[in-house]
2 protein chains.
Amino acid sequence: MTSTKFRIVIIEDDHTLRDGYAYLINNSPSSVVVASYCSFDHAKNNLSKDRPDVILLDIQLPGTNGIDALPALKKLLPDTYVIVLTVYESEKTILHALANGANGYFTKNNPFPKIIDAIQEVTQGGGPMSINVARTVIMSFQRNQNSPLTKRETEVLILRSQGKDRSQIAEELFIETETVKTHIKNIYSKLNVNSRADSIRVARENKFI
Amino acid sequence: MTSTKFRIVIIEDDHTLRDGYAYLINNSPSSVVVASYCSFDHAKNNLSKDRPDVILLDIQLPGTNGIDALPALKKLLPDTYVIVLTVYESEKTILHALANGANGYFTKNNPFPKIIDAIQEVTQGGGPMSINVARTVIMSFQRNQNSPLTKRETEVLILRSQGKDRSQIAEELFIETETVKTHIKNIYSKLNVNSRADSIRVARENKFI
DNA sequence: AAATAAATCCCCCTAAAAGGGGTATAATTT
DNA sequence: AAATTATACCCCTTTTAGGGGGATTTATTT
């Protein structure tokens with residue numbers, strides 16, 4: 001009979017980690033490592049014939065890094081799930097990876113055997129994440145409680161960040177365009193900026209909006 | 001000696017579920033239910049004396065719903081973790097809850113005993129989520145692959161969504177402002193809109209940006 | 001009761017931006 | 001060969017943005 005094991009490809013430049021994951025996966029009943037590569041550049045020409053169900057991808061790779069490899073992987077193998085395995089846990093890296101198509105994200109300090117569960121989970125359409133990643137992701141949705149902006153100013157700036165102009169904002173908030181203007185002036189003063197783009201940037205960077 | 005168990009409050013209008021969770025929690029070694037309420041409106045005046053470490057919150061509640069209760073809860077008890085427990089798994093509801101300060105999010109079809117792990121996890125600063133929620137959250141970061149916009153148009157629209165004007169965009173992309181204008185015209189035409197705000201709205205709704 | 005903060009509204013001004021209409025060329029990709 | 005993409009320019013009018021100024025009302029807090 002044909003094996004129904006999940007086909008796994010590992011792209012990771014650290015030999016020890018690569019062998020560790022491979023050992024674990026090959027000793028699990030549900031998965032088998034069909035190939036390992038030390039960089040995306042080495043992997044890309046073989047992936048089509050490897051036909052992986054799941055790719056374990058490191059971020060810090062020689063040549064093309066994992067973040068940049070993701071869109072290419074997704075284009076090459078649209079139905080393959082990609083789980084990122086990395087030491088990076090900065091919000092920027094995590095969100096970037098997810099935006100680029102990562103289906104799961106684990107930091108390497110995560111208990112090793114969890115990767116087996118993660119493979120199961122991702123093939124069932126889940127989005128496996130380690131605890132600290134989940135925290136980062138959740139925190140990325142949350143606003144800063146110490147915003148200098150008032151409730152109304154925050155509302156105005158959010159509408160502004162949706163590309164709306166003064167009159168559209170005025171209409172939506174049932175106030176005059178002149179009032180909107182005043183709010184904007186106060187926002188600029190509080191954020192120490194003097195343009196729409198800067199106000200949105202500063203507010204986003206600080207999660208005021 | 002003083003108990004070090006985590007103090008849990010349940011806000012849930014379904015008696016059966018409430019009792020089920022309470023039973024599980026009270027039989028775990030690490031947590032104890034200090035109070036249960038059938039609505040946020042009933043809960044709010046008692047929460048200060050309940051001093052919960054974790055609140056399990058339903059979304060569909062009589063009176064103030066869970067989404068709206070979240071900011072109020074966070075204001076009242078800034079150091080209390082809130083785990084949302086609900087049948088709602090629409091992207092909108094989930095992201096709304098997270099934006100409003102939820103520290104975890106579980107749908108009720110999740111294995112019941114997982115809530116004990118979730119309480120542990122959230123108190124350790126994690127962001128526990130059920131599989132389908134994690135999937136939704138991860139998907140919320142991902143772009144639609146079927147965008148009608150070209151790469152360049154997408155770039156332009158993203159910069160636009162950052163509040164940048166034509167000249168700022170031109171500078172950033174090393175092209176002329178007139179070229180930016182052409183891209184914008186083509187974007188409008190493809191998205192069938194004729195304003196900045198509408199183009200950003202449509203593109204976001206469809207995850208083109 | 002007084003002070004502060006927040007939200008509302010109005011005036012002036014100028015430069016820039018937005019949006020709609022065209023057209024055109026070089027490079028890619030199909 | 002044909003289509004797509006990215007680039008750039010022209011015309012035009014209306015609107016917006018940002019900087020100045022000042023004022024009123026309503027909450028909230030002290």
Side-chain angles (χ1 to χ4, degrees), chain A residues 71-72 75-76 78 143-204 208-209, chain B residues 44 71-72 74-76 78 143-204 208-209:
Chain A
K75 195 173 178 186
L76 202 62
R143 294 230 172 97
N144 188 333
Q145 304 293 296
N146 303 319
S147 172
L149 304 180
T150 68
K151 205 171 164 182
R152 201 54 153 179
E153 286 161 359
T154 306
E155 279 185 281
V156 169
L157 194 45
I158 288 173
L159 292 172
R160 208 129 224 266
S161 77
Q162 294 169 357
K164 290 173 181 159
D165 61 43
R166 292 175 191 171
S167 67
Q168 289 173 311
I169 295 171
E171 211 178 318
E172 204 158 323
L173 299 180
F174 302 106
I175 55 180
E176 298 300 311
T177 59
E178 282 296 333
T179 306
V180 175
K181 198 178 159 186
T182 303
H183 286 309
I184 292 170
K185 281 196 264 192
N186 292 332
I187 291 167
Y188 284 9
S189 155
K190 286 180 180 181
L191 300 187
N192 226 276
V193 298
N194 58 358
S195 75
R196 182 178 56 193
D198 281 345
S199 66
I200 292 172
R201 181 183 50 75
V202 170
R204 286 198 177 141
F208 297 153
I209 57 170
Chain B
K44 61 183 170 194
K74 284 285 156 181
K75 195 175 178 185
L76 203 61
R143 294 228 172 99
N144 188 333
Q145 304 294 299
N146 303 319
S147 173
L149 304 180
T150 68
K151 205 172 164 183
R152 201 53 152 178
E153 285 161 0
T154 305
E155 279 184 281
V156 168
L157 194 45
I158 287 174
L159 292 172
R160 206 127 225 269
S161 77
Q162 295 169 355
K164 289 172 181 158
D165 60 44
R166 291 174 192 171
S167 66
Q168 291 173 310
I169 295 171
E171 211 178 319
E172 205 158 323
L173 299 181
F174 303 105
I175 55 179
E176 298 301 309
T177 58
E178 283 296 335
T179 308
V180 175
K181 198 177 159 185
T182 304
H183 286 310
I184 292 170
K185 280 195 265 193
N186 291 333
I187 290 167
Y188 284 9
S189 156
K190 285 180 179 179
L191 301 187
N192 227 276
V193 298
N194 59 358
S195 75
R196 182 179 57 194
D198 281 345
S199 66
I200 293 172
R201 181 182 50 75
V202 170
R204 286 201 176 139
F208 297 153
I209 59 168

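Only this structure's heavy atoms are used, side chains among them; waters, hydrogens and symmetry mates stay out. If you're wondering where the values come from, they're calculated on a predicted model, not measured in any experiment. All chains are named by letter (A, B, ...) in the order of the sequence lines, taking the proteins before the strands, and each is independently numbered beginning at 1.
Checked against D:dC9, D:dT5, C:dA7, the side chain of B:Thr150 finds its nearest nucleotide in D:dT5. Of all nucleotides listed (D:dT7, D:dC10, C:dG19), D:dC10 comes nearest to the side chain of B:Glu178. Distances from the side chain of A:Ser167 to the nucleotides D:dT16, C:dA7, C:dT8 place D:dT16 closest. The side chain of B:His183 sits closest to D:dT7 out of D:dG18, D:dT7, C:dT8. Side-chain atoms of A:Glu176 lie closest to C:dC10 of the nucleotides D:dT16, C:dC10, C:dG19. Each of D:dG18, D:dC9, C:dT8 was ranked by its minimum atom distance to the side chain of A:Arg160; first place goes to D:dG18.
Nucleic acid contact for B:Thr177: none, since no nucleic acid atom lies under 4.0 Å from a heavy atom of the residue. Counting any heavy atom pair closer than 4.0 Å across all strands shown, B:Asn194 reaches sugar-phosphate atoms only and no base atom.
Rounded to an integer number of Å, the gap from A:Asn186 CG to C:dA7 C1' is 10 Å. When the C1' atom of C:dA16 is taken as reference, atom CG of A:Asp165 falls 15 Å away, rounded to whole Å. Note: NZ (B:Lys151) to C1' (C:dT28) measures 13 Å, nearest angstrom. Straight-line distance from the CD1 atom of A:Ile175 to the P atom of C:dC10: 11 Å, rounded to whole Å. Atom CG in A:Leu149 sits about 10 Å away from atom P in C:dA7, given to the nearest Å. In this structure, CD of B:Glu171 is placed 16 Å from P of D:dT7, rounded to the nearest angstrom. In this structure, A:Ile187 places its CD1 atom 12 Å from P of D:dA17, rounding to the nearest Å. The nearest whole Å value for the distance from the CZ atom in B:Arg152 to the P atom in C:dT28 is 14 Å.
Side-chain to base pairing of B:Arg166 with C:dA16: no donor and acceptor N or O lie closer than 3.5 Å to each other. For C:dC9, the base has a donor-acceptor partner in the side chain of A:Thr182 [N/O atoms by modelled type, under 3.5 angstrom]. A donor-acceptor contact under 3.5 angstrom links the side-chain atoms of A:Lys181 to the base of D:dG18.
Note: B:Lys164 NZ to A:Ile200 CD1 = 10.0 Å, rounded to the nearest 0.5 Å. To the nearest 0.5 Å, atom CZ of residue A:Arg152 and atom OG1 of residue A:Thr182 are 12.5 Å apart. Here A:Asp198 contributes atom CG and A:Asn192 contributes atom CG; the two are 10.5 Å apart, rounded to the nearest 0.5 Å. Taking NE2 of B:His183 as the reference point, atom CD1 of B:Ile169 lies at 10.5 Å (rounded to 0.5 Å).
Across the interface with DNA chain C, nearest-nucleotide mapping of A:Lys185 and A:Lys190 shows A:Lys190 to be the residue nearer the 5′ end.
Nearest heavy-atom pair, A:Gln168 versus A:Gly163, reported as atom, atom and distance to 0.1 Å: OE1-O, 4.2 Å.
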field: Criterion side-chain contact (heavy atoms from CB on, under 4.5 Å) on B:Ile184 and B:Arg166, from CA distance to verdict
entry: CA-CA 9 Å; B:Ile184 292 170; B:Arg166 291 174 192 171; 4.1 Å; yes
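In this model, the phosphate group of C:dC9 is approached by a side-chain N or O of A:Thr179 to a distance below 4.0 Å at OP1 or OP2.
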